[in-house]
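See structure below.
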Amino acid sequence: MDYLWAGMLLIGILYGAFNGNIVAVSEAALSSAGEAISLCITTAGVLTLWTGLMEIAQTSGIIKSATRIIQPLIFFIFPHIPKNHPAIQHISLNFIANFLGLNWGATPAGLKAMEELANLEKERGNPAYLKDDPGFPRVASNEMCDFLIINISSLQLIPISIIAYRQQYGSVQPTSVIGPAIAATFINTVAAIIFCKCMRKHP
């Protein structure tokens, strides 16, 4: 990917130079750099707000209550994970964060969930996970694959990042995307769950 982007930039600069538009290329590069910084600041502000709200929700027990509410769904998707296993809590937190549109905030919980799912494979005696050697060949477990697929589908109630981008670029109604986003991600998630269930029946 690094080579691809570097190649595209180099081709653009060379094309502009040969066509006498190197000044326009320079101005576009500087303008885009400033725009990128502005977008990062806007996104960081929105992310900070919602991450703070998530911390408040977690401290006040709202996240714990929400986790209990969605646990029947978690157990339906992951029927072979023990109910008291630590992976359940991290999977639930990841799903809740994604549901609220906090994709960045969901990443730490997702990584922790994967770590606990690897520990589960150790507890099961899976030989691919019993060695601590980082170079030792490992394969993703069924639960890991299911979690990754459903995580990518990412059912969202509020697409925070898209709203921030639309607001940054001057959208009159940046929140008008909420309805289509809910519909699209709901269909994605249902399709992901059906796919995982079908693959379990046909290994």
Side-chain angles (χ1 to χ4, degrees), residues 1 4-5 39-40 42-44 46-51 53-54 57-58 62-81 83 85-118 120-121 138-169 171-203:
M1 186 62 72
L4 178 62
W5 281 110
L39 180 59
C40 287
T42 300
T43 305
V46 175
L47 175 62
T48 302
L49 170 65
W50 283 97
T51 302
L53 291 176
M54 280 288 289
Q58 191 164 5
I62 295 175
I63 296 297
K64 189 174 182 180
S65 300
T67 300
R68 284 199 301 268
I69 292 172
I70 70 168
Q71 276 190 352
L73 175 63
I74 301 297
F75 295 139
F76 171 75
I77 299 172
F78 306 99
H80 301 294
I81 299 179
K83 292 188 176 182
H85 198 274
I88 294 294
Q89 180 180 356
H90 296 297
I91 291 173
S92 300
L93 184 57
N94 176 269
F95 283 3
I96 292 170
N98 272 327
F99 182 69
L100 295 176
L102 299 173
N103 305 91
W104 305 285
T107 300
L111 294 174
K112 196 67 180 176
M114 281 293 191
E115 182 181 332
E116 291 297 341
L117 291 174
L120 178 60
E121 291 304 304
R138 290 184 172 88
V139 294
S141 66
N142 288 330
E143 286 82 7
M144 288 180 175
C145 293
D146 292 351
F147 175 66
L148 182 60
I149 292 169
I150 295 172
N151 188 270
I152 292 172
S153 71
S154 186
L155 175 62
Q156 289 188 6
L157 177 64
I158 307 173
I160 300 297
S161 58
I162 302 300
I163 292 173
Y165 297 150
R166 287 169 59 86
Q167 184 176 9
Q168 174 66 24
Y169 289 106
S171 173
V172 178
Q173 294 182 325
T175 58
S176 63
V177 73
I178 290 178
I182 292 174
T185 56
F186 175 78
I187 294 171
N188 285 347
T189 302
V190 171
I193 293 173
I194 293 173
F195 175 80
C196 291
K197 291 296 183 181
C198 290
M199 292 303 294
R200 281 297 187 96
K201 292 180 180 180
H202 304 283

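The closest side-chain heavy-atom distance from Arg68 to Ser65 is below 4.5 Å. Contact of the Asn98 side chain with the Thr185 side chain is not registered, since no non-hydrogen atoms from C-beta on lie closer than 4.5 Å. In this structure, Ile81 and Ile74 have side chains that are not in contact, with every pair of non-hydrogen atoms separated by 4.5 Å or more.
Using a distance-only test at 3.5 Å, with no hydrogens or angles considered, no donor-acceptor pair links the side chain of Arg166 to the main chain of Thr175.
When all heavy atoms of Thr189 and Ser153 are compared, the pair lying nearest together is OG1-OG, 3.2 Å. Among all heavy-atom pairs drawn from Ile69 and Pro72, the shortest one is O-CD, 3.2 Å. Among all heavy-atom pairs drawn from Lys197 and Pro79, the shortest one is NZ-CD, 4.0 Å. Nearest heavy atoms, Gln173 versus Ser176: O-OG, 2.8 Å.
Within the model, atoms CZ of Phe78 and CG of Leu73 stand 9.0 Å from one another, a figure rounded to the nearest 0.5 Å. Atoms CG and CZ, on Asp146 and Phe195 in that order, are 9.0 Å from each other to the nearest 0.5 Å. For the atom pair Ile70 CD1 and Leu93 CG, the distance stands at 9.0 Å (nearest 0.5 Å). Atoms NE2 and CG, on His80 and Leu120 in that order, are 11.0 Å from each other to the nearest 0.5 Å.
The 12-atom threshold is not exceeded at CD of Gln89, counting heavy atoms of other residues, nucleotides or ligands nearer than 6.0 Å.
Between Phe147 and Phe95, the ring-plane angle classifies as parallel under the 30° and 60° cut-offs.
Residues satisfying the side chain to side chain contact (heavy atoms under 4.5 Å, CB included) criterion with Ala140, sequence neighbours excluded, are Met144, Cys145. Every residue two or more places apart in sequence or in another chain was checked for a salt bridge (charged side-chain N to carboxylate O under 4.0 Å, His left out) with Glu116, and none qualifies. Glu115 is linked by a side chain to side chain contact (heavy atoms under 4.5 Å, CB included) to Lys112, Asn119, counting only residues two or more places apart in sequence or in another chain.
Among Asn142, Leu148, Ile150, Ile77, the one residue that satisfies the side chain to side chain contact (heavy atoms under 4.5 Å, CB included) test with Cys196 is Ile150.
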